[in-house]
Each structure stands twice: as structure tokens, then as C-alpha cells.
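Only a predicted model underlies this, so the values are computations on that prediction, with no experimental measurement involved. Numbers here are sequence positions counted from 1. In listed order, ligands and their atoms are each counted from 1.
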Amino acid sequence: MGGNKVAIVTGGARGIGRGCALALAEKGLDIAIVDMLEPEMARTVGEITALGRVARWYVADVADHARAAVVVGQVAADFGRIDVLVNNAGRGNPKGILEITEEEFDRTIAVNLKSCFNFIQPVVPVMRAGGGGRIVSMSSLNAHSGGVTSAVSKFSYAAAKAGIIGLTRALAKELGPEIAINCVCPGVIETELGNSLTKARGPELMKGIALGRLGTPRDVAGLVAFLATVEPNFITGQDFIIDGFQWVV
Ligand SMILES: NC(=O)c1ccc[n+]([C@@H]2O[C@H](COP(=O)([O-])OP(=O)(O)OC[C@H]3O[C@@H](n4cnc5c(N)ncnc54)[C@H](O)[C@@H]3O)[C@@H](O)[C@H]2O)c1
């Protein structure tokens with residue numbers, strides 16, 4: 001194995017994932033984007049290529065365990081190594097306990113939590129073969145707050161995102177010292193997903209954010225890129241809230 005460092009970013013077609021892909025490319029990494037939105041992936045790949053880095057895109061539903069293994073194998077073959085995995089793909093679910101179906105609950109857990117397992121499992125041997133690596137997963141402030149009043153992310157989403165924190169702590173012990181794994185917990189971030197919440201509750205939300213604004217994908221990407229690349233590194237098993245200190249959720 002050799003060559004430039006390589007990052008996989010799931011859900012990297014748009015939003016926070018796109019921001020993470022660009023921030024890692026600016027730090028000199030080559031990027032593999034995994035998503036379902038082909039035109040958006042092609043656009044982000046073009047933006048990364050314009051930065052002088054190599055980028056490719058791979059179509060997958062991150063909830064699909066078998067497909068994740070195939071994609072990780074393909075990325076390893078195409079790039080020769082994998083140093084960073086950003087488990088970013090995710091989706092909210094607005095249904096309460098009495099409305100949600102079993103299938104909808106399972107799907108929320110699969111897209112947000114099982115997806116991390118799906119990608120970490122095949123990535124670990126590749127990272128170890130290359131001398132180690134970093135994993136950063138996208139949890140949410142909702143994992144801490146419960147997000148009960150949120151329009152886009154009720155209990156099934158909060159449960160999945162809280163699961164990412166437990167997974168992160170346990171795997172830090174199992175994967176150390178070669179691989180460091182952390183997760184980040186964004187508050188409200190201006191993306192397709194975030195906007196669906198803020199349209200309804202923007203002014204009310206803003207009053208409860210100490211830094212007086214919503215977050216941007218670049219805010220979150222800066223933290224993710226730090227965790228993915230900082231040297232020397234003594235951080236693993238942690239979850240980092242990045243929300244401008246929001247106390248109304
Ligand atoms: N926006 C916020 O306010 C906010 C807050 C906290 C956490 N998050 C989390 O950040 C992550 C990114 O969210 P965002 O706001 O950028 O959302 P977004 O909807 O703008 O982008 C999500 C990306 O993930 C992809 N994706 C979703 N499900 C997928 C699947 N099953 N397989 C493959 N790709 C899939 C989408 O196609 C899209 O490109 C998510 O995990 C989300 O839960 C977002």
C-alpha cells in the first residue's frame with residue numbers, strides 16, 4: 001500500500017458530508033464519496049478534482065451490509081489504501097411512538113446506526129494493513145437532548161444517534177491503538193435536512209443559540225477534518241457537541 005492518504009465519506013454528495021469531503025481534500029486527502037444521489041455526487045467529485053485531489057464516487061444504500069463491503073473493497077482496489085472513514089450518511093424520522101411502523105423504525109436504525117457497522121467492519125482490515133486510521137461518525141445533538149420537539153427527528157433518530165455514541169466508545173477500545181474513532185453531535189446545521197426544521201422554527205431557535213446563528217456544513221467539517229487528521233493524536237472514543245451552545249431544541 002502506498003500513495004496519498006484516502007478518505008471515504010458516506011453521504012458526501014451534499015450537505016455536511018460534502019463539506020467534510022471538501023475539508024479533507026483541502027488537507028490533501030483523496031476522496032471516495034458513497035451516496036445514492038448520482039448528479040450531486042458527480043458535482044462534489046468535480047469540486048474536489050478542482051482542488052487538485054483525486055476523487056471518485058460509488059453508489060450505495062449505506063444500510064446495505066453486503067453492498068458496503070463491496071464498495072469498501074472497490075475503494076481499496078481503486079485507491080490502494082483507506083486512512084479515514086467518515087460515517088456521515090443519515091436521515092431523520094418525524095414519527096412519534098404511536099405513529100411509526102416497525103419497518104420505519106428498523107429503517108431509521110439501519111440508515112443511521114447499522115450503516116456505521118456496515119462500513120467500519122470491512123474498513124478495519126484495510127486501515128490496519130496501511131498502519132492505522134481514523135473513523136469519525138455523525139451522531140447528533142438529539143442523542144443528548146432527545147429532540148422531542150423537533151419536526152424531523154423524533155425518538156427513533158435520537159435512539160440511532162445515541163447508539164453511535166455507544167458504538168464509538170466500545171470500538172475505541174477494540175480498535176486502538178492503531179485506529180482512533182470518534183463521533184460528532186451537530187446542533188441545527190443549514191442543510192436540506194436542517195432547513196426542514198428551521199423553516200418552521202427559525203426565529204425561536206435562534207434565540208436559544210449562544211453564538212446567534214445556525215451552523216453550516218463547514219463548521220462541522222472543520223471539526224471532522226481535525227479529528228481525522230490531527231497529529232499527534234490522543235483523542236478516541238469521544239463525542240463532540242458542535243451546536244453554538246443551543247439550549248432550545
Ligand atoms: N443538518 C442538521 O441539522 C444535522 C444535525 C445533526 C446531525 N445531522 C446528521 O448529519 C448527517 C448529514 O446530514 P445533512 O444535514 O447533511 O443531510 P442531507 O440530507 O443534506 O445529506 C445527507 C446525505 O446522505 C445521503 N444519504 C441519506 N441516506 C442514505 C443512504 N441510505 N445511503 C446512502 N446515502 C444516503 C443523502 O443522499 C445525502 O447526500 C446525517 O447523519 C444527519 O443525521 C444533521
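- Heavy atoms of Thr10 found under 4.0 angstrom from ligand 1: none, in either backbone or side chain.
- For the pair Gly187 and ligand 1, a heavy-atom separation below 4.0 Å is found.
- Residue-ligand proximity: Ser115 is placed with every non-hydrogen atom at 4.0 Å or more from ligand 1.
- Pairs engaging residues 16-73 under the ring pair (Phe, Tyr, Trp, His ring centres under 6.0 Å) rule: His65-Phe117 [sequence neighbours left out].
- With distances taken over non-hydrogen atoms, the option nearest atom 30 (C) of ligand 1 out of Val62, Val220, Leu37, Asn118 is Val62.
- Less than 4.0 angstrom separates some heavy atom of Ala13 from each of these atoms of ligand 1: 39 (O).
- Of the charged side-chain nitrogens involved, at least one lies within less than 4.0 Å of a carboxylate oxygen, so that Asp61 and Arg107 count as a salt-bridged pair.
- Contact atoms of ligand 1 toward Asp61: 30 (C), 31 (N), 32 (N) (distance under 4.0 Å to a heavy atom of the residue).
- The shortest N or O to N or O distance between Ser140 and ligand 1 is not below 3.5 Å.
- Here atom 7 (C) of ligand 1 lies nearest to Ser139 when heavy atoms of Ser137, Ser139, Gly90 are compared.
- Short contacts between ligand 1 and Val188, defined as distances under 4.0 Å to a heavy atom of the residue, involve ligand atoms 3 (O).
- Residue Tyr157 has at least one nitrogen or oxygen atom sitting less than 3.5 Å from a nitrogen or oxygen atom of ligand 1, judged on distance alone.
- In summary, the atoms of ligand 1 found under 4.0 Å from a heavy atom of Gly15, numbered by their order in the structure, are 16 (O), 20 (O).
- A distance-only check finds no donor-acceptor pair linking the side chain of Thr236 to the backbone of Ala172 [under 3.5 Å].
- Heavy-atom contacts of Pro186 reach the following atoms of ligand 1: 5 (C), 6 (C), 7 (C) (cutoff under 4.0 Å).
- Note: no N/O pair closer than 3.5 Å links Val34 and ligand 1 by distance alone.
- When atom types are taken as modelled, the side chain of Asn112 and the backbone of Arg91 share a donor-acceptor pair closer than 3.5 angstrom.
- Closest heavy-atom approach to atom 28 (N) of ligand 1 among the candidates Arg107, Met138, Arg91: Arg91.
- Contact of the Arg169 side chain with the Ile165 side chain is registered, since non-hydrogen atoms from C-beta on lie closer than 4.5 Å.
- Side-chain atoms of Asp239 and His144, non-hydrogen and from C-beta on, do get closer than 4.5 Å to each other.
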Can you give me every donor-acceptor pair (side chain of residues 129-137, partner residue at least two apart or in another chain, under 3.5 Å) with its distance?
from	atom 1	to	atom 2	distance (Å)
Arg134	NH1	Leu227	O	3.1
Arg134	NH1	Val230	O	3.1
Arg134	NH2	Val230	O	2.7
Arg134	NH2	Glu231	OE2	3.2
Ser137	OG	Asn87	ND2	3.2

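- Interatomic distance, Arg218 CZ to Glu190 CD, rounded to the nearest 0.5 Å: 14.5 Å.
- Contacts with ligand 1 closer than 4.0 Å are made by backbone heavy atoms (N, CA, C, O) of Ala60 only, the side chain lying farther away.
- Distance CG/Leu113 to OG/Ser156: 12.0 Å, rounded to 0.5 Å.
- Counting heavy atoms closer than 4.0 Å to ligand 1, residue Lys161 contributes side-chain atoms (C-beta onward) but none from N, CA, C or O.
- Closest to atom 36 (C) of ligand 1 by heavy atom, among Asp64, Asn87, Ile33, Asp35, is Asp35.
- Using modelled atom types, one finds a donor on one side chain and an acceptor on the other under 3.5 Å when comparing Thr216 with Asp219.
- Taking all heavy atoms of Val111, Ile242, Thr191 into account, the minimum distance to atom 15 (O) of ligand 1 is reached by Thr191.
- Between Phe119 and Ile82, the closest side-chain pair of non-hydrogen atoms is not below 4.5 Å.
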